[in-house]
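Worksheet: the structure to be examined is printed underneath.
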Amino acid sequence: MIPKIHIQPNLITWAIARAGHDVEEFIQSQPKIQKWLNKEESPTIKQLEKFAAKLHIPFGYLFLPEPPKETIPFPFFRTGNNTTDRVSLNVFDTIQILQRRQDWITEYLIESEQESLSFVGKFNANHSFQDIVNDIRKTLQLAPDWAKEFATFEETLAFITHKIESIGVFINFNGIVENNTHRPISVDECRGFVLVNEYAPFMFVNAADAKAAQLFTIVHELAHIWLGASAGFENQNLLPASDPIEQLCDAVAAEFLVPASSLVAIWQDKPSINHARRIFKVSPIVIARRAMDLGLMSRSDFFVFYNGYIESFKNKKEKQGSGGDFYATARKRVSVSFATYVNQAVNQNKLLHRDAYKITGLKGDTYQKFVTQHLH
């Protein structure tokens, strides 16, 4: 006889809503669930496992007396005055994945007697953005015009990513939950977030976003690390929330990428976004945003330009479609720096292969091929 299980009805409806479904519509499409709710029938273990997998919920949650309170441990800023500690399931699960990675690597680094990172939390909200910019440049060993040697802002992005990871920060680019293409992360909800600690700061950058915006997001997140403040944000229209820390991080990113004095001088000679972007090697929207901040472009003109650029990016992306090299993508999703530490721990017998598979999201032969052929 197959054993039946009693589950609290409010846990069933909570799990459905948590996954972003309309509860009534979902139940109508699954008549058996209505019988569970009415207590006319009890589900089997196998049925519950299938239910949990479909809704991306830990199986054990279904046996709790009441739904757990799931909140994120840092503020998630929305452009304007809105701040929340609740996000969609896909963003929440991504935060959980990176927190687990951060917890493991932090413990590993401490056991390896790695020193903490002196730049984490080095400044606070009372410092000027210029002081923070100067210290970031000094730490990364970059001149104010560091980007001029690159031909495109894609190259600029790759270079700054490598530079930031070389000082002990881990950067994860992804537009889905781990490797699940059925679970996209909306740019409208999350451009990025940063988990700050003094041993292993973790950045998440939404890879579904335009690379132009990704560059700004990375430096914005870097400023958060210098201020010692974890946060998430959507930066709608590339504009920050009204929170003082967000405003400061935004000012740091803008000055780091496009120094005000340089842009003003160039603009006076030739007021052109394309001309300026060729000099600074950043995207047109970053130039436009900086020009607006400095009063060189009106707010309305900026929004017209920004919306047109993003629309063009979306159309181009749709024509390109999906696909690409899985292992090249994995290098960005997992972070080469992080994967190198994982591989090192496995080789030192400090981490089991099965745990390495779990923490990187790469299984078996895929993991082996990745660490042997694609890490360097």
Side-chain angles (χ1 to χ4, degrees), residues 90-91 93-102 104-105 140 147 150 152-187 189-195 200-222 224-225 232-233 235 253 257 281-283 313 316-317 320-344 356-363 366-376:
N90 287 356
V91 174
D93 284 351
T94 298
I95 291 170
Q96 295 270 296
I97 288 165
L98 293 199
Q99 280 186 314
R100 286 193 291 270
R101 290 180 184 175
Q102 186 182 52
W104 175 80
I105 191 67
L140 294 174
F150 302 105
T152 65
F153 54 81
E154 287 88 354
E155 290 178 11
T156 312
L157 178 63
F159 171 80
I160 200 66
T161 299
H162 174 73
K163 270 289 189 181
I164 293 170
E165 287 216 312
S166 72
I167 63 169
V169 177
F170 299 94
I171 306 179
N172 298 261
F173 294 86
N174 208 343
I176 57 178
V177 180
E178 207 158 55
N179 297 309
N180 190 339
T181 55
H182 300 292
R183 301 189 65 190
I185 296 170
S186 169
V187 174
E189 181 192 10
C190 174
R191 272 212 147 99
F193 60 82
V194 57
L195 307 175
F202 264 71
M203 290 184 186
F204 172 81
V205 180
N206 196 332
D209 203 359
K211 283 188 169 55
Q214 289 177 32
L215 182 60
F216 198 88
T217 295
I218 283 178
V219 185
H220 180 104
E221 291 181 328
L222 197 62
H224 270 284
I225 294 171
F233 40 86
N235 277 17
L257 292 170
K281 301 305 191 305
V282 296
S283 75
F313 164 74
K316 184 179 177 182
K317 192 174 181 182
Q320 287 176 338
S322 57
D325 184 332
F326 172 82
Y327 290 99
T329 302
R331 283 171 60 89
K332 302 189 76 175
R333 285 179 180 167
V334 179
S335 157
V336 169
S337 181
F338 179 77
T340 300
Y341 277 113
V342 171
N343 187 44
Q344 182 176 292
Y357 302 160
K358 188 174 182 181
I359 204 168
T360 59
L362 302 170
K363 315 299 182 188
T366 302
Y367 171 84
Q368 293 300 333
K369 183 176 180 180
F370 178 71
V371 298
T372 56
Q373 299 180 32
H374 297 276
L375 262 193
H376 305 290

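Computation of the quantities below employed the complete heavy-atom set of this structure, encompassing side-chain atoms and omitting hydrogens, waters and symmetry-equivalent molecules.
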Original post:
Can you find a heavy atom in the side chain of Met203 that is under 4.5 Å from one in the side chain of Phe173?
Top reply: no
Original post:
Should the ring pair His224 and His220 be called parallel, tilted or perpendicular, given that the plane angle runs from 0 to 90° and is split at 30 and 60?
Top reply: tilted
Subject >> Interatomic distance, Leu257 atom CG to Leu215 atom CG [nearest 0.5 angstrom] >> reply: 4.5 Å
Original post:
Is the backbone of Asn206 close enough, under 3.5 Å, to the side chain of Arg191 for a donor and an acceptor to pair up by distance?
Top reply: no
Subject >> Note, Phe216 side chain near Val282 side chain (heavy atom, < 4.5 Å) >> reply: no
Original post:
Going by the angle between their ring planes, with limits at 30° and 60°, are Phe150 and Phe159 parallel, tilted or perpendicular?
Top reply: tilted
**OP:** For Asn174, enumerate each residue passing the side chain to side chain contact (heavy atoms under 4.5 Å, CB included) test, keeping only those at least two apart in sequence or located in another chain.
**Re:** Ile176, Phe204, Arg333
**OP:** Report yes or no: does Thr366 contribute a side-chain atom to a donor-acceptor pair with the main-chain N or O of Leu362 at less than 3.5 Å?
**Re:** no
**OP:** Kindly compute the distance separating CD (Glu178) from CD1 (Ile97), expressed to the nearest 0.5 Å.
**Re:** 4.0 Å
**OP:** Starting at CD1 of Ile185, measure out to CZ of Phe193 and round the result to the nearest 0.5 Å.
**Re:** 7.0 Å
**OP:** May I ask you to test the Gln99-Phe202 pair for a side-chain heavy-atom distance under 4.5 Å?
**Re:** no
Original post:
When rounded to the nearest 0.5 angstrom, what distance separates CZ in Phe370 from OG1 in Thr360?
Top reply: 8.0 Å
Original post:
Tell me, do Thr161 and Lys332 make a side-chain contact under 4.5 Å, heavy atoms counted?
Top reply: no
Subject >> From Ile167 atom CD1 to Ile225 atom CD1, the distance as rounded to the nearest 0.5 Å >> reply: 7.5 Å
**OP:** Indicate yes or no: at least one non-hydrogen side-chain atom of Leu195 is less than 4.5 angstrom from one of Phe170.
**Re:** no
Original post:
Hey, does the side chain of Asn90 reach the backbone of Pro184 with a donor-acceptor pair shorter than 3.5 angstrom?
Top reply: yes
Subject >> Backbone of Gly192 reached by a side-chain donor or acceptor of Thr217 within 3.5 Å >> reply: no
Original post:
Which distance, rounded to the nearest 0.5 Å, do you find between the CD of Gln102 and the CG of Leu98?
Top reply: 8.5 Å
Original post:
With distance as the sole test, does Gln214 use its side chain to make a donor-acceptor pair with the main-chain N or O of Val205 at under 3.5 Å?
Top reply: no
Subject >> Any donor-acceptor pair under 3.5 Å from Lys163 side chain to Leu140 backbone >> reply: yes
